[in-house]
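One-based numbering, in listed order, for ligands and for the atoms of each. Since the structure is predicted, the reported quantities are computational estimates derived from the model, not experimental observations.
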Amino acid sequence: PAWAPPAAAEQIWNEFSKEESTDEATIQKSFIRHATKTLARSSYNMDQFAAYQATAHSVRDHLIDRWNATQHCHSVKDPKRVYYMSLEFLIGRTLDNALLNLNLKDHYKRAIGGIGFTIEDLVDEEVDAALGNGGLGRLAACFMDSLATLDYPAWGYGIRYEYGIFQQKLVDGYQTEYPDYWLTFGNPWEIQRLDVSYDVRFRGYVEKYVDVSGQTRYRWEGGEKVVAVANDYPIPGFQTKNCINIRLWSSKPKKEFDFASFNEGNYDKSVEEQKAAENITSVLYPNDNHMVGKVLRLKQQYFFVSATLQDIIRRFKKTSRPWSEFPQQVSIQLNDTHPTLSIVELQRILIDEEGLTWDEAWDIVTHTYSYTNHTVLPEALEKWAVPLISDLLPRHMMIIFELNLYFLQRVEKLFPGDRDRLRRMSVIEEGHPQYVRMAHLAAIGSHHVNGVAELHSELVKTTIFADFVEFFGKEKFVNVTNGVTPRRWLHQANPGLSTLISEKLGGTAWLKDLSQLDKIKAFADDVGFQNRFMDIKYKNKIRLAEYVKDVTGVTLSPDALFDVQCKRLHEYKRQHMNIFGVIHRYEKLKSMSKAELEKVVPRVVIFAGKAAPGYYTAKLIIKLITSVANVVNADPQTSEYLKLIFIPNYNVSVAEILIPASDLSQHISTAGTEASGTSNMKFVLNGGLILGTVDGANIEIGEEVGKDNIFFFGALTAEVEDIRHHQMYHNVAMDAKLQGVIKSIQSGRYGDSVIFEPLLGTLRSDYYLLSKDFTPYLEAMERVDAAFKNKSAWAKKCITAAASMGKFSSDRSIQDYAKRIWKITPVPTTEEFA
Ligand code: 73E
């Protein structure tokens with residue numbers, strides 16, 4: 001039974017567990033207590049980093065108080081909870097975000113100032129928590145912010161990687177990767193919970209037996225066990241007491257050290273096992289939109305799934321409800337197929353350990369899970385070799401075969417004799433070896449499948465799950481358009497603009513209800529407002545220019561048009577089309593007379609993004625960008641009109657500087673390839689315009705902002721297949737301007753062109769349609785230049801567009817999920833728990 005304080009002590013507990021007050025002196029006292037007691041520093045032994053740490057610990061105290069209150073409240077009220085399972089959480093920094101969400105920024109600014117430090121400097125000391133690759137991981141982080149802000153009873157579950165996404169440095173213009181050991185100086189934002197740990201089994205064998213009631217049953221035995229330990233990461237909501245949790249698992253060896261083996265002289269072996277266990281959560285796989293079938297990755301997935309389900313089930317069992325109520329208490333969202341083994345694991349626990357029948361168990365499973373698909377790119381769809389799963393998870397492999405059999409029997413019943421359909425729909429891809437198609441497993445085991453933008457959700461229904469729509473009905477397949485949190489991506493990253501909006505809207509309520517932004521449209525024609533709006537943009541451009549000067553040495557003029565493409569490097573995102581466009585622009589500038597040059601809109605083109613370490617073509621695109629930059633930036637004839645920058649090591653913190661400073665951002669994926677995109681939303685929200693293809697969430701952004709406030713170009717999704725076919729089987733000449741660009745590269749102007757041949761070679765089959773889209777792309781650029789010349793009209797476009805972004809708050813996305821898929825309601829943390 002749980003311990004409770006004796007009646008006489010209750011008063012003491014209540015009194016001393018209260019959240020500290022936030023007056024200046026109390027904050028200073030807390031800071032100095034943490035500096036001297038937690039960190040063992042003193043006034044003559046402080047530096048900026050220690051001051052950051054002391055501040056972080058002091059803020060953490062507030063987080064923990066609210067976290068405790070929230071947990072207490074939820075355990076008393078015992079509502080249905082949602083569990084967001086994600087192999088990635090791309091959180092970035094926490095200090096500034098926590099201060100703003102807790103509404104303590106000004107208090108800390110004054111208090112810390114009084115101690116002799118500047119809060120902005122301290123904020124800059126923090127290293128990013130970069131436990132994700134790109135959009136998928138950042139989406140999970142935005143969703144946590146919204147879940148907390150909207151008072152939903154929610155948990156995030158993930159892995160505490162010791163190494164986040166690698167650090168990118170440029171060496172001779174090439175990307176080089178360095179380990180991101182982000183925990184070197186500790187992490188004040190996590191709470192290690194050595195008391196919350198579970199065993200996780202791998203390998204072993206399956207035993208068949210007959211139980212007391214004569215039933216044939218199976219149990220998974222033997223093998224090796226590792227331990228999963230919880231690390232909690234509090235996530236405060238904005239202007240609410242609610243503070244939810246991301247629980248990140250780290251792996252530990254089951255036996256600390258094998259002494260027997262050590263004493264026998266097997267020193268290596270005894271350490272090896274320990275290391276192997278720790279390895280599981282050591283490093284984040286650095287591939288975005290690409291699957292790599294490594295055993296360690298599969299181990300990570302199962303480790304994560306097993307620990308998470310044990311934790312969820314333990315919480316469920318506390319209230320002694322029957323298993324049949326599980327789906328009324330628990331909703332589990334799978335962030336892509338990465339945690340799909342969870343479906344199989346729950347089925348295994350229910351039939352092997354809890355004694356439910358197959359059908360009872362499957363009914364619970366399929367009412368518990370829902371699955372978000374983030375991509376239809378074939379190379380990103382997960383499939384695991386059957387022998388790999390059989391070896392690592394023998395019982396799971398049996399269950400997968402069994403549920404596939406039952407599933408295909410149902411398909412056969414509905415479509416008798418349609419063998420090709422059975423082949424297409426099977427969870428097992430036949431071949432040598434066989435593979436398990438994780439997306440099929442996820443779709444079969446879930447009550448809802450969603451895509452992340454309108455177009456993408458349609459593609460999900462017509463491509464990878466076309467057969468499944470016919471079988472399950474279309475109601476199962478829904479759209480939830482992505483969103484971003486306006487707290488981090490406007491209020492925190494762009495305080496100038498946030499303040500201006502709050503002034504006009506009479507308070508900060510819009511930050512919890514972004515649809516109110518709409519009212520800013522009334523000021524789009526107001527010249528005074530336009531000037532203030534563009535002045536904020538200008539200051540953000542100065543801030544970025546200072547950063548660029550710092551990291552690259554190149555000087556930028558904030559009067560130029562800042563044109564940004566920052567995202568993971570990928571051929572489908574077509575950064576190469578952008579750099580080819582820059583080369584075209586440069587060649588044109590070179591051919592211009594002085595008089596012609598004077599009419600040109602000066603432009604700064606900025607790239608940022610990481611390439612997967614094994615993605616050769618993507619890395620070559622980086623090398624081309626940096627090679628062109630070296631030539632362009634050193635050319636006195638053009639340098640007033642064109643600068644080219646590659647900002648290294650793109651991450652959340654760099655994005656926070658880059659996005660508010662952009663006039664134009666490029667989202668130029670081949671139509672039908674970018675499921676949604678989320679930075680597109682952030683750019684427009686911060687008063688920049690989009691140059692984009694008719695793809696992903698660009699389409700819905702266009703619907704909201706109006707066609708005059710977005711620059712669309714390029715082939716449509718419906719045309720792409722025909723164009724590819726035509727290019728393949730007919731003699732189609734390459735676009736003339738693109739040919740000119742290739743000639744320019746091959747002339748050696750940007751260094752030995754031989755190194756770029758493999759990149760230029762991709763244009764032969766041109767799967768991503770650069771040739772088809774290149775002239776329309778350049779024409780769209782001309783429209784941009786023309787529009788930018790009219791300052792007032794440009795300002796009006798930016799204001800109108802930003803004010804139209806209400807739909808793209810992640811609060812709206814989360815409410816969509818909560819109402820339509822999870823069936824959960826808010827549970828505010830009321831005063832009696834605080
Ligand atoms: O369009 C983006 C989308 O905005 C999509 O490419 C991205 O998810 C974002 C959020 O919905 C995404 N990442 C991955 N798949 N889609 C992925 C796949 C494998 C490993 C890591 C990430």
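A distance of 10.0 Å separates CG in Leu136 from OG1 in Thr375, rounded to the nearest 0.5 Å.
Listed by number with element, the atoms of ligand 1 under 4.0 angstrom from any heavy atom of Asn287 are 20 (C), 21 (C). For ligand 1, the atoms sitting less than 4.0 Å from at least one non-hydrogen atom of Gly135 are 9 (C), 10 (C), numbered in the order shown with element in parentheses. Close contacts of ligand 1 with Ala675, meaning ligand atoms under 4.0 Å from a residue heavy atom, involve 1 (O). Using a 4.0 Å cut-off to heavy atoms of Tyr572, the atoms of ligand 1 that qualify are 6 (O).
At a heavy-atom cutoff of 4.0 Å, ligand 1 is contacted by both the backbone and the side chain of Leu136. The proximity of Thr372 to ligand 1, defined as any non-hydrogen pair under 4.0 Å, does not occur for either the backbone or the side chain. Neither the backbone nor the side chain of Ala380 comes within 4.0 Å of ligand 1, counting heavy atoms alone. Counting heavy atoms closer than 4.0 Å to ligand 1, residue Glu88 contributes side-chain atoms (C-beta onward) but none from N, CA, C or O. With a 4.0 Å heavy-atom cut-off, ligand 1 is reached by the side chain of His338 but not by its N, CA, C or O.
For the residue pair Asn450/Ser370, the side-chain donor-acceptor check at 3.5 Å is not satisfied.
Residue-to-ligand polar distances place Asn482 within reach of ligand 1: an N/O pair is separated by less than 3.5 Å.
Ranking the protein heavy atoms by distance from atom 4 (O) of ligand 1 puts Gly677 N, 2.8 Å first.
A salt bridge is absent between Asp695 and Arg574; no separation between the charged side-chain nitrogens and carboxylate oxygens falls under 4.0 Å. Under the 4.0 Å criterion applied to side-chain N and carboxylate O atoms, Arg724 and Glu719 are not assigned as salt-bridge partners. Of the charged side-chain nitrogens involved, at least one lies within less than 4.0 Å of a carboxylate oxygen, so that Glu656 and Arg488 count as a salt-bridged pair.
By the 4.5 Å heavy-atom criterion applied to side chains, Asn698 and Phe712 are counted as neighbours.
Comparing heavy-atom distances from atom 6 (O) of ligand 1 across Asn680, Asn289, Thr375 singles out Asn289 as nearest. Of the listed options Glu674, Met291, His374, Glu674 places a heavy atom closest to atom 2 (C) of ligand 1.
The number of heavy-atom neighbours closer than 6.0 Å to CD of Glu379, taken from other residues, nucleotides and ligands shown, is above 12.
Centroid-to-centroid, the aromatic rings of Tyr181 and Tyr163 come within less than 6.0 Å.
Residue Gly696 places every heavy atom at 4.0 Å or more from ligand 1.
If you run side-chain hydrogen bond (donor to acceptor under 3.5 Å, both in side chains) between Gln333 and each of Tyr369, Trp822, Tyr83, only Trp822 comes through.
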